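To keep things clear, I will list the structure first and then write my remarks on it.
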Amino acid sequence: MDYRAIEAKWQKAWDEARVYEVEPNEKKGMLVTAAFPYVNAPQHMGHLRTYGTADAYARYKRMRGMNVLYPMGFHATGTPIIAFSKRISANDQELIDELKTFYHVSDENISKMKDPVFIANYFSNEVEAGMKLAGYGIDWRRKLISIEPIFSKLIEWQFSKLKERGYIVQGSHPVGWCPNENNAVGQHDTKHDLQPEIDTVTAVKFREKGAGTVFACATYRPETIYGVTNIFVNDKISYVLAKMGGESYYLSKDAASSLGYQFQISIEKEISGAELLGKSVVNPANGEEIPVFPGYFVDGTIGTGVVMSVPSHAPFDYVALERLRPAGYDITTDRYKKLIQIDNPSDPDAATAKIPALFYLQKINADASSPDDKIDEATKLVYKEEAHFGKMLVGKYSGMPEVTARDRIRDDLIASRDAFNVYTISNDEPVFCRCGYRIVVKIVDNQWFINYGDPAWKDAARQGLSSLEVFPAKYKSTFEKVIEWINLRAAEREQGLGTRFPLNPGHIIESLSDSTIYMSYYTFIHIIRGNGVAAEQLKPELFDYVLNGNGSIKTASKATGIDTLVIQKCRDSFEYWYGFSSRHSGPDLLWNHLTMYLFNHVTIFDRKFWPSQVIMNGSVNYEGQKMSKSIGNVIPLVDALARYGADPIRFVSVAGAELDTDTDFSADSCGGVTTRVDMLHKYIIGLADMKSKELGHLDYWLYSKLHSKIAAATQSMDRLEIKAAYTEIFYSSINELKWYMDRGGNNEIVVREFIEAVTLMLSPVMPHVAEEFWQMLGKSGLVVKEEWPASNEQMINRQEDTIESVIMDTIADVNNTMALTSKIDVNKNKKVSEVKIIIADDWKLKAYNALAKSRSIGSAMSNDFGAGKAVVSLYLKQFAKNLNGMQELPNIGSETLQKAFVEASDYLSTRFGCKVVVESEKTTKSQRASRALPDKPAIDLEWK
RNA sequence: GCAGGGAUAGCAAAGCCUGGCCAAAUGCGGCGGAUUUAGGGUCCGUUCCCUUAGGGGUUCGAGAGUUCGAAUCUCUCUCCCUGCACCA
C-alpha cells in the first residue's frame, strides 16, 4: 500500500468536494473543538493524539447522522514566543541547531524569527500543513489565530462582560521575579525549566535587648518558638542594618536586597556577621533573654539570613550547638525544651525521647559530625513525624495537634506584631532566570485578577458541570474539586503577545484567560471575514447580539456598519453550532483551561450554549518512553507521516490505547497496523475470485460476528472507548475473516458485506485507506459521506457462534491431546492416523441445561431424558463440583452439530494432518464415546 | 503537606462499576516449527507450574473479611504516578 499516494489522492478528493466545509442544515449540528496548539514549534507526534481523537470522533459523529463542524485555530499569545525571538536575537546556538537539524527550518527563516509575529505565522502555517497531511477533516475557512485584531475584539468584549459581572478584581500577589530583566518569570523563563515555587514563611521578631533592633528569624515552624535557646547568624557573611516598616532590622545583605521586592527597605549601614555575635535578644513568646551565636549553616540568600535555634526539635540546630560547644558557646542540654509529643504507634520509643532532634539523628545513625545531607534527612523525618503524630506540650495551644497549633501561633504572633509573613522561593535548589540571575519573590501591587472564587460564579459552574458529559468519566470528580479550589487568577501580564488589558492598556491579557470562549468564534468568523468586515467594526453591540441575542440587529448594524443580513447569518450560525459542543484536550488542562472554559461559558452564554462534552485523552509515548527533548525522541509529525503513513500513525496514536492512558508509538506498533491493512487489501482483491451462493453455517457465523461487532463497536465509540471499538473493528475482523477463509468460506456476498461494513467503521481513524478500499469495492461516492453501519440484531446468532467455538475448542483439545499422548511409550515412532470426533447424544444437552437451571442433581434427575437413570446420574455427577457456575447452553441438536463437524472435516483433516471421522455417540463403537459433552465432543485418537 | 489516580502474567494493557462463561481479551516480545529455509517478512504452534487422553495445581501489590463462589465487593497496609497556579 502506497500511503503517500493514496493520502494525496483522497485529500485532494475531499478538498474538491469541500466535504469538511459545513454550514447549518436540517441535521443536528455539532461543534467539535480541540485546544488550539501553541505555535512556538512545529507539531510533533504528541499533538496527534488530541487532534486525531477529535478528528476521529467528529468523523464518527458525522457518520452517525450529525452535521459536524471541526475547526482549528492557533494560540500565540503570551511570553514563550517572545522568549523564543529573544533567543534567536541573542543567536542562541542550541535553539538554532534544533530548528535546523530537527525541524529543517531554513537559515533565512531562522533569521526572520527575531520577529515574534513571524514565528507565530511560520509555525501556524507549518502546523496547518501537517494537519492537512494527516488528513484531518477541518473546515479551514474558519481558521483563527489569537494575535489577530479581530480575535482581540472578541476578547475585549469578553472582559467587558466579566467586568460588568464584578468578576474582575484588583489586589496584590507574589510572583517569581527576575531582578535583572525586571519581569515575572514562569517555568519556561528559568534555567532547566524549573517552576519557581512560592511559599510563605513566618519571620519572628526577636528584639535586641536594650536597643530594640529586630532580628527577624524566618521559620516554617513558628510553633517551636517556645524552645528557642539562641539565634544564629553567619559570622562569615555581610549583614546590614535596615529600616523596614518603622523598625530597624539586622538582615543579611542578600536578604535585604531580595526582600526589597516585597517590602519597603532602606539600608542604613553594612556590618559583618561577626559584629552581631554576643548580642542578646528577647523571645517574644516568653520574654526569655537569649544570645546570638555563629551558625555555619545559615545561608544569607534564604529568608532573612537570621534563624532561630531550637535544638530540641531541629537537628541542624542541635548539631550546630554541639559543634560550637568547644568554642565556648555553651548551652547545656537541660535547657533544651521538648515542645511536641510524638505518639507514633509504629515507633513507641519516639514518645519517650527527651530530645526529638537527637532521637531522629540517632535513628538514622547520624551525629554531630555527620554531613549536612544526613542532617537534612533527620530534619525531614522530624518534620514529618511531628506533623503526623505530634501534639503540643507547651504554650497556649498545649494538647493541640502540631499542625493546627502552628497556624494559631503564627496568627497570634502576627496579630501582636511580633511576626510577619515573608514569601520565599521554596525549590530545593536555587532557581535562576535564563539570563543567569537568581529568581526572587516580588509582590505585585494593583494587579488585576479574575475572581473564580466568587461563590455565585462557582455555583453556576457546578450547574454547568452537572449538564456536562465528561470523558473519561472518572475526571468528573476531579472537575468538581477544581471548581472548589480555583480562586483568584491573574488576568494581566506585563509582557507578551496578545490583547491589551482594557483596564490597564499597558498590560496584556494573560494568555490562558484569552482562550476560554474563542470556540464560539469558529461558528461565524468566516462570515465576518467573507464580508470584508474590518476589526474596528467589531463593536460590543455585534457580540451582544450574535453571542447573547441582546439588543437588536438594527442597533448592532448601526454601531458596526455591518449589513443586517450578515449579522443575522452570524447569529443563526452561532445558535445552530453552539447548541452541542464537544471539547477535546488533555487532563492536565483540567486545572486551568478546562475549568476556566466552563466558568466563562456559564457566565457569558445562555444555558443552552453551555459546553456539552469535555473529552480528555492521554499522550503519546515513543518506544515506551515519554517524548522529550532531553531524551531526543521527539518526532516531528511531518517526518513520521513520511516514514509510516498517515493512517497507521493515526491508528496507533488514536486507537492504540484507551482514552485515559498513554499510547505507545513505535515502529513495531505501526508495522502491525500496516501488515493488517495489507491483509484486508488482499481480501478485497480476492473478492474477484469468489462467487455468491446459498448461505451455510459458516456464512451465518460470519454475519453473526459482523453484527455483534457493529453493535459492540458502536457502543464503545459512543463511550469514547476507541481502543475497544477498534480492536473489534480492525484486529478481530481480520482474524475472523482469516478464520472464515481458512475454514473454506468463500461466499462473495458475505465477505463483501463484511468488508464493506469494516471499511465504513475504519474510516474515522483511517480515512484514506477507507476511501481507497471503498473505491476498490466498487463504490462511487466518498466514504466520509456514508453512514455508519447498523447492527441487525436478528443476524446475531448464538447458535452459529457456539457451533463455531465448539469446533475451535475441539481443535485445541485435539492438539493438546496429541501432544500429551505422543509421549506415551507405546506411541513412540507412531503417528496419529485418525481422529475420531464423537458428538454427544441429545439427552445430554437437555440434562445439562436442566441441571444448570435447577442447580440440583436431585431435581434435574426427576426429568425423563430418554436415557437410563444410572447413565444420567453418572453423567450429571461430573458437574457436581461446580453446580453454581453452570450456564445454560444454546439448544443445538446433535445432528446440527454433527453436520457442522462433517462440513469442517476437510479443514480439520489438514489441520491435524490425518484422517478425521465424525460419529455420533449413539452409533460409534469408540470406547471413549461416553466422554462426549454437549459442547465438547469426545475425541478418540488412533495411533499407527 | 494538600488533592487526585494507580498496582493484573516477560512488557504494555483490558477486565473491576453490574462477583460465577477468568489461567484471565488484545498487542508486542520470547521459544519451537514451516516456507527450496542468510537476515527480514509471512504462516502455524506455544509462552504461570505439573501432567503417559482433553486433567490438576497456584496466581491478578500484601494481609484480613463478606460470599456456595472474589482479579472483581469491604477494611487495613505497602509502594508508584500526577497536579498544586498566573504558566502554555
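Lettering of chains follows the sequences in order, A, B, ..., and the numbering in each one begins at 1. Hydrogens, waters and symmetry mates play no part in the numbers below; they use all other heavy atoms, side chains included. The shown structure was predicted, so the numbers you read here are calculated from the model rather than taken from an experiment.
B:C49 and B:C11: their P atoms are spaced 14 Å apart (whole Å).
Remark: A:F730 engages A:F651 in a ring pair (Phe, Tyr, Trp, His ring centres under 6.0 Å) (not counting sequence neighbours). Every residue meeting the salt bridge (charged side-chain N to carboxylate O under 4.0 Å, His left out) condition with A:R410, not counting sequence neighbours, appears here in chain and number order: A:D407. Residues that satisfy the side chain to side chain donor-acceptor pair (under 3.5 Å) test with A:T661, not counting sequence neighbours, are absent from this structure. Checked against side chain to side chain donor-acceptor pair (under 3.5 Å), A:Y740 has the following partners two or more places apart in sequence or in another chain: A:D699. For the salt bridge (charged side-chain N to carboxylate O under 4.0 Å, His left out) test, residues two or more places apart in sequence or in another chain that qualify with A:R221 are A:E223, A:E386, A:E402. Taking the side chain to side chain donor-acceptor pair (under 3.5 Å) definition, one finds that A:H75 meets it with A:T77, A:D514, sequence neighbours left out. Residues forming a side chain to side chain donor-acceptor pair (under 3.5 Å) with A:E921 (at least two apart in sequence, or on another chain): A:K844.
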Write down the protein N/O and nucleotide N/O pairs, taken from nucleotides 49-55 of chain B, whose separation is under 3.5 Å; answer none if there are no such pairs.
from	atom 1	to	atom 2	distance (Å)
B:A53	O2'	A:R928	NH2	2.7
B:A53	N6	A:L941	O	3.1
B:A53	N1	A:L941	N	3.0
B:G54	O2'	A:D813	OD1	2.9
B:G54	N7	A:R928	NH2	3.3
B:G54	O6	A:R931	NE	3.2
B:G54	O6	A:I939	N	3.4
B:G54	N1	A:P937	O	3.2
B:G54	N1	A:I939	N	3.4
B:G54	N2	A:D813	OD2	3.3
B:G54	N2	A:P937	O	2.7

Considering only nitrogen or oxygen atoms on both sides, find all protein atoms under 3.5 Å from nucleotides 36-47 of chain B and state each distance.
from	atom 1	to	atom 2	distance (Å)
B:C44	OP1	A:K738	NZ	2.4
B:G45	OP1	A:R911	NH2	2.7

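At a threshold of 4.0 angstrom between heavy atoms, the contacts of A:V835 with the nucleic acid are absent. Within 4.0 Å of A:H75, counting heavy atoms only, lie sugar-phosphate atoms of the nucleic acid but no base atom.
A:Y261 and A:W177 have tilted rings, their planes meeting at an angle from 30° to 60° on a 0 to 90° scale.
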Can you give the donor-acceptor pairs under 3.5 Å from side chains of residues 801-815 of chain A to other protein atoms, not counting sequence neighbours?
from	atom 1	to	atom 2	distance (Å)
A:D801	OD1	A:S704	OG	2.9
A:D801	OD2	A:S704	OG	3.2
A:T802	OG1	A:R798	O	2.7
A:E804	OE1	A:H697	NE2	2.5
A:E804	OE1	A:R743	NH2	3.3
A:E804	OE2	A:W739	NE1	2.8
A:E804	OE2	A:R743	NE	2.7
A:E804	OE2	A:R743	NH2	3.3
A:S805	OG	A:D801	O	3.3
A:S805	OG	A:T802	O	3.1
A:T810	OG1	A:V806	O	2.6
A:D813	OD2	A:K936	NZ	2.9
A:N815	ND2	A:I811	O	3.4

Heavy-atom contacts, protein to nucleotides 1-12 of chain B, under 4.0 Å, summarised as B (base), S (sugar-phosphate only) or - (none) per nt, yield S-SSS-------
How does each nucleotide of nucleotides 18-24 of chain B score, in 5' to 3' order, for protein heavy atoms under 4.0 Å: base (B), sugar-phosphate only (S), or none (-)?
--B----
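Comparing B:C86, B:U26, B:C28 against the side chain of A:E510 picks out B:C86 as the nearest.
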